[in-house]
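Only a predicted model underlies this, so the values are computations on that prediction, with no experimental measurement involved.
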Amino acid sequence: MPARDPIAQPEQTWNRRRLRSTNERLLLDRLRAAGSASRAQLARETGLSKPTVSSALAALEEAGLVHEVGTHTPERGRMAVLYAPDPAAGYALGIDIGRSWLRVALAGLDGEVVARADVRNRARTSGALADLVVTTARQVIEGSGAGHDDVAHAVVGTPGVYDGERRRVRYAMHLPGWGRAGLFDRMRDELGIPLEVHNDANLAALGEYTYGVGAGSRLFAYILIGTGLGMGVVSEGRLFTGAHGGAGEIGFLPWPGRQKPETLEDAVSGVAVVESARAFGMSGQLTAKAVFDAARQGHPAAVRAVQLEGERIAHTVAAAAAVLDPDLVVLGGGVGHSVDLLLRPVRETLRALTPLRPKIAPSRLGEDAVLLGALATALGTARDVVFERRSGS
């Protein structure tokens, strides 16, 4: 009798375990993508044998990754049990840090938000803002009823570009002190949750692609116009960030100012709208929202300020069109909420500027775009982490 190869046995065991894990993940992904299904339906759709499907479902159920959600009785045949992923098997945390608001949401693995908090950002220092993020995130988790250890991953959206090597954010001029090294390490340590950091415009673009008007677009640009100016680019469903994470930082493009050279952000932002309105004769305590509201009422100075903003946005779109050739440009952010007033001057000016005219649309997600993009990104990782934890892969 030939001797057994001592190396082959562990390898065969590993291969069988790997195959089981692959089958389980295949079924779980199918249930997540297309909804509940029976054993027989899963066997037909995946090409796996019925015994293999039954064994994989049993393992997934024991791991708490799927559960029974009902039954189905066909016209002919026996009643079948329906299975679906258990959304409470784990959770993902999304965080949107803005100059005026902090938004935090927790979602189950099905993407359904189970708890959320929107808090005014009144922090005067970067340390106070980091504390506010941690405190709010803890409150959201505790208020949801989820266990802290069940939160598998968190994603933060912030102005600027996160430098992973130096552990700091660059270019976040509207959040004083936010470029200090170690702030996100501190938040990560205090929360005790794996935490990933992304530019807010990039996450808004991913949110709009996943849940909003960008769905199905081959290449689209999301222009975030608020306190500052930024752009996220999604190509074939994937975010384009450039060599150093700075792709889309269009606020740094030069703009010919009256007194001195300015940047595009100086010309196209909420602050620029207010400055234009004052230059045209509006007075009092003004905000971009107040200017747009006055324009809707026909206030001459406000109407001129909005017209000028639309023309400047058209230059932004023209630059994006020339470099990227997108099939869609989405306008979002605080100023983007007033796209109803801006679309006409943007389109008219764009026709005069360039033969490249992508479709322009308002954001469908509004102020939630960054938060939903953070959740979508966190969910992608959280699902992998939870599967590996519970299945022992």
Q) Should the ring pair Phe184 and Trp178 be called parallel, tilted or perpendicular, given that the plane angle runs from 0 to 90° and is split at 30 and 60? A)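 Correct class here is perpendicular.
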
Which atom of [X] lies closest to which atom of [Y], heavy atoms considered:
{"X": "Ala37", "Y": "Arg30", "value": "CB-NH2, 3.5 Å"}
{"X": "Leu328", "Y": "Ala361", "value": "CD1-CB, 4.0 Å"}
{"X": "Gly332", "Y": "Ser363", "value": "CA-CB, 4.0 Å"}
{"X": "Ala295", "Y": "Ala302", "value": "N-CB, 3.5 Å"}
{"X": "Ala305", "Y": "Val291", "value": "CB-CG1, 4.1 Å"}
{"X": "Gly157", "Y": "Leu203", "value": "CA-CD1, 3.3 Å"}

Separation of [Y] [atom2] from [X] [atom1] (nearest 0.5 Å):
{"X": "Leu28", "Y": "Leu65", "atom1": "CG", "atom2": "CG", "value": "6.0 Å"}
{"X": "Lys50", "Y": "Leu57", "atom1": "NZ", "atom2": "CG", "value": "13.0 Å"}
{"X": "Ile313", "Y": "Ser269", "atom1": "CD1", "atom2": "OG", "value": "10.0 Å"}
{"X": "Leu324", "Y": "Leu356", "atom1": "CG", "atom2": "CG", "value": "11.0 Å"}
{"X": "Asp163", "Y": "Arg170", "atom1": "CG", "atom2": "CZ", "value": "5.0 Å"}
{"X": "Thr241", "Y": "Asn199", "atom1": "OG1", "atom2": "CG", "value": "9.5 Å"}

Q: Test side chain to side chain contact (heavy atoms under 4.5 Å, CB included) on Leu353 and His315 and set out the steps.
A: CA-CA 8 Å; Leu353 289 175; His315 281 82; 3.6 Å; yes

Short side-chain to backbone donor-acceptor contact, [X] and [Y], under 3.5 Å:
{"X": "Thr210", "Y": "Leu206", "answer": "yes"}
{"X": "Arg186", "Y": "Gly127", "answer": "yes"}
{"X": "Ser49", "Y": "Thr52", "answer": "yes"}
{"X": "Glu196", "Y": "Val155", "answer": "no"}
{"X": "His244", "Y": "Gly246", "answer": "no"}
{"X": "Arg357", "Y": "Thr354", "answer": "yes"}
{"X": "His148", "Y": "Leu191", "answer": "yes"}
{"X": "Asp266", "Y": "Ala272", "answer": "no"}

Salt bridge or not between [X] and [Y]? Use side-chain N to carboxylate O under 4.0 Å.
{"X": "Asp200", "Y": "Arg99", "value": "no"}
{"X": "Arg218", "Y": "Asp327", "value": "no"}
{"X": "Glu24", "Y": "Arg20", "value": "no"}
{"X": "Arg138", "Y": "Glu142", "value": "no"}
{"X": "Asp293", "Y": "Lys289", "value": "yes"}
{"X": "Asp185", "Y": "Arg168", "value": "no"}

Quick check: do [X] and [Y] have side-chain heavy atoms less than 4.5 Å from each other?
{"X": "Pro326", "Y": "Val329", "result": "yes"}
{"X": "Leu27", "Y": "Val53", "result": "yes"}
{"X": "Arg296", "Y": "Ser338", "result": "yes"}
{"X": "Val133", "Y": "Ile95", "result": "yes"}
{"X": "Ser276", "Y": "Arg312", "result": "yes"}
{"X": "Glu309", "Y": "Val268", "result": "yes"}
{"X": "Pro159", "Y": "His174", "result": "no"}
{"X": "Leu229", "Y": "Leu224", "result": "no"}

State which residue, out of [options], fulfils the side-chain contact (heavy atoms from CB on, under 4.5 Å) condition with [X].
{"X": "Asp86", "options": "Glu68, His67, Arg390", "answer": "His67"}
{"X": "Pro85", "options": "Leu31, Leu109, Asp110, Asp29", "answer": "Leu31"}
{"X": "Ile97", "options": "Val370, Leu129, Val197, Val169", "answer": "Leu129"}

Same apolar cluster: [X] and [Y], side chain cutoff 4.5 Å:
{"X": "Val306", "Y": "Leu343", "result": "yes"}
{"X": "Val119", "Y": "Met187", "result": "yes"}
{"X": "Tyr171", "Y": "Val271", "result": "no"}
{"X": "Ile141", "Y": "Val104", "result": "yes"}
{"X": "Phe292", "Y": "Ile225", "result": "yes"}

Q) Are the aromatic rings of Tyr222 and Tyr209 close, with centres under 6.0 Å apart? A)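 That pair fails the under 6.0 Å test.
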
**Q.** Atom CD of Glu61 with >12 non-hydrogen neighbours under 6.0 angstrom
**A.**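 Counting other residues, nucleotides and ligands, CD of Glu61 exceeds 12 neighbours.
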
Q: Output, in order, the C-alpha distance, side-chain angles, deciding distance and verdict of side chain to side chain contact (heavy atoms under 4.5 Å, CB included) for Ile223 and Val330.
A: CA-CA 6 Å; Ile223 298 178; Val330 176; over 6 Å; no

Q: Verify side chain to side chain contact (heavy atoms under 4.5 Å, CB included) between Val140 and Arg116, making sure each step is shown before the conclusion.
A: CA-CA 6 Å; Val140 167; Arg116 174 174 174 167; 5.9 Å; no

Q) Does a donor on one side chain and an acceptor on the other come within less than 3.5 Å for Thr381 and Asp384? A)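 Short answer, no.
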
Q) Are Tyr211 and Arg364 close enough that a side-chain donor and a side-chain acceptor fall under 3.5 Å? A)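 No donor-acceptor contact under 3.5 Å links the two side chains.
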
(Q) Here's one to test your reading of the geometry: is the NZ or CZ of Arg25 within 45 degrees of the ring axis of Phe387 and under 6.0 Å from its centre? (A)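 Flagged: Arg25 positioned over aromatic ring of Phe387.
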
Q) How far apart are the C-alpha atoms of Leu132 and Leu102, what are their side-chain angles, what is the distance that settles it, and do they pass the side chain to side chain contact (heavy atoms under 4.5 Å, CB included) test? A) CA-CA 8 Å; Leu132 180 64; Leu102 167 67; 3.7 Å; yes

